[in-house]
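All values reported here derive from a predicted model rather than from experimental measurement. Reckoned from all heavy atoms, side chains included, excluding hydrogens, waters and symmetry mates. Just so we're on the same page: letters track the sequence lines, and every chain starts at 1.
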There are 2 protein chains.
Amino acid sequence: MADGTTRSTDRTEEIYEEERIARLIRLAARSFNRSLQMRLTSEGVTFGQWIFLRILWRSDGLSQRELSERAHLTEPTAHTALQRMEELGFITRRKVGNNKRRQHAFLTEKGWALRDRLEPLAVEVNDLALDGLDESEETVLRRALSVIIRNLERDEKDAAARGLRVPATRSLPNI
Amino acid sequence: MADGTTRSTDRTEEIYEEERIARLIRLAARSFNRSLQMRLTSEGVTFGQWIFLRILWRSDGLSQRELSERAHLTEPTAHTALQRMEELGFITRRKVGNNKRRQHAFLTEKGWALRDRLEPLAVEVNDLALDGLDESEETVLRRALSVIIRNLERDEKDAAARGLRVPATRSLPNI
DNA sequence: CACTAAAAAGTAGATGTCTAAGTTTTTCGG
DNA sequence: CCGAAAAACTTAGACATCTACTTTTTAGTG
């Protein structure tokens, strides 16, 4: 690097300071996912299945569309995930009343039973994560995250109005 | 739901309180990614490419292994990403000195030039996100996130010692 | 009451990530 | 200094997600 093509990295360092919150949030999300996934896997449940189970434990019998919206996933993704969950015996899918379009998902006994085993895992991960933070810090953290989410969701909406769109996003890198 | 199979959701509500921080962090990470991705896409760069560019702007000439470690991605992922970046003319890859194993990545003029266009986008997203938070809240947020990351990384290490492993994790759901 | 538009589900194909296995080069103990 | 182990990269294959499109059903309106 001591040749003619040397570049200053000073400015980049500054930018890194600016970008630090986004990076910390991504790392924290990644850690949460990894710690929870380890535990879910040992119970034979994938992270995606956990997402839908969690919604169904609150609101059994939702339609596929409602489930995909609440999970922030697309309908094809929900479709294949729920299909798999039916194969595994966690749910049954059926149409309700005389509406022949909507496909509703209902927890089976097996699906309900998972709740007692899985929810403590999520509680455990949260408790672990928050160890060393006092109540006031936790309160600020919650508020700050809510503000950030609100700000950025407005940004996405504004950008959409200007014609910008979020790309395929296949998957979120583990950053 | 007014039949014999009615289930109480009271307990689930409690658990949701417990789980709230993880959920907020995932949503915040998702929003950050989406807002940045929108902007990167309009400049013809993917999120994955941004990750590697950001590292290279700091430390040009790293090996593929070093890059994959810093990006928290596997070597095959780094391999294909860097291959594509070479095709696009952002970098060149070559071996250095008399080590015939390591493949190093070097930014081209084009790769360096992207910095001026892309870094302001990240700064913009961060400023937008933090709008409405004062300095003390930002400080607490940083500290809290660092504590959470440290706690959970220790958890993962401890769990590994007990034989638990993080599963394939193909991709992080947009939760 | 028929016809079009909207809603919901499903299918097909692309992509980025991962694990597992293979190849080449380097390191190092006997 | 030779052969096994480790290091670094590469290839192959699996999978969850996405977009775009198709199909079926419902709703709305002249």
Residue pairs passing the salt bridge (charged side-chain N to carboxylate O under 4.0 Å, His left out) test where at least one lies in residues 73-96 of chain A, sequence neighbours excluded: A:Arg65-A:Glu75, A:Arg84-A:Glu87, A:Glu86-A:Arg93

Taken in chain and number order and not counting sequence neighbours, the residues that satisfy side-chain hydrogen bond (donor to acceptor under 3.5 Å, both in side chains) with A:Gln103 are none

Can you list, by residue number, the residues of residues 92-104 of chain A that have a non-hydrogen atom closer than 4.0 angstrom to DNA chain D? A:Asn98, A:Asn99, A:Lys100, A:Arg101

Measure CZ/A:Arg65 against P/D:dT25 and give the value in whole Å, please. 17 Å

Pairing residues for A:Gln83 by the side-chain hydrogen bond (donor to acceptor under 3.5 Å, both in side chains) criterion, not counting sequence neighbours: none

How many Å lie between CD1 on B:Ile51 and P on C:dG16, as a whole number? 14 Å

Within the pair B:Thr74 and C:dT17, is there a side-chain N or O less than 4.0 Å away from OP1 or OP2? no

I want to verify a distance call: between D:dA8, C:dA8, D:dC18, whose nearest atom is closest to the B:Glu75 side chain? D:dA8

ILVMFWY clustering at 4.5 Å (side-chain atoms), partners of B:Leu128: none

Check every strand shown and say whether A:Ser63 touches a base, only sugar-phosphate, or nothing at a heavy-atom separation below 4.0 Å. sugar-phosphate

Side chain to side chain contact (heavy atoms under 4.5 Å, CB included) with B:Val147: which residues, sequence neighbours excluded? A:Leu133, B:Arg143, B:Arg150, B:Asn151

Annotated structure of DNA chain C as dot-bracket, pair cut-off 3.5 Å, Watson-Crick or G-U only, | for inter-strand, is ||||||||||||||||||||||||||||||

Rounded to the nearest 0.5 Å, what's the gap from CD1 on A:Ile21 to CZ on B:Phe32? Could you check? 7.0 Å

Take the protein atom CG of B:Leu73 and the nucleotide atom C1' of D:dT10, then report the distance between them rounded to whole Å. 17 Å

How close or far is atom C1' of D:dA8 from atom CG of B:Leu62, stated in whole angstroms? 15 Å

Could you walk me through whether A:Glu138 and A:Arg142 pass the salt bridge (charged side-chain N to carboxylate O under 4.0 Å, His left out) test, one step at a time? CA-CA 6 Å; A:Glu138 208 180 306; A:Arg142 275 215 186 80; 3.3 Å; yes

Looking at residues at least two apart in the chain, or sitting in another chain, which of them share a side-chain hydrogen bond (donor to acceptor under 3.5 Å, both in side chains) with B:Ser68? none

B:Met85 has an atom CE; how far is it from atom C1' of C:dG16, in whole Å? 15 Å

Would you mind reading off the distance between A:Gln64 atom CD and C:dT11 atom P, rounded to a whole angstrom? 10 Å

Below 4.0 angstrom, which residues in residues 76-83 of chain A have at least one non-hydrogen atom near DNA chain C? A:Pro76, A:His79

How many Å lie between CD on B:Glu69 and C1' on D:dA8, as a whole number? 11 Å

Output all residues satisfying salt bridge (Lys or Arg N to Asp or Glu O under 4.0 Å) with A:Arg154, sequence neighbours left out; order by chain, then residue number. none

Output all residues satisfying salt bridge (Lys or Arg N to Asp or Glu O under 4.0 Å) with A:Glu66, sequence neighbours left out; order by chain, then residue number. none

Tell me: CZ of B:Phe47 to C1' of C:dT15, nearest whole Å? 16 Å

Excluding sequence neighbours, so at least two apart, what forms side chain to side chain contact (heavy atoms under 4.5 Å, CB included) with A:Asn98? none

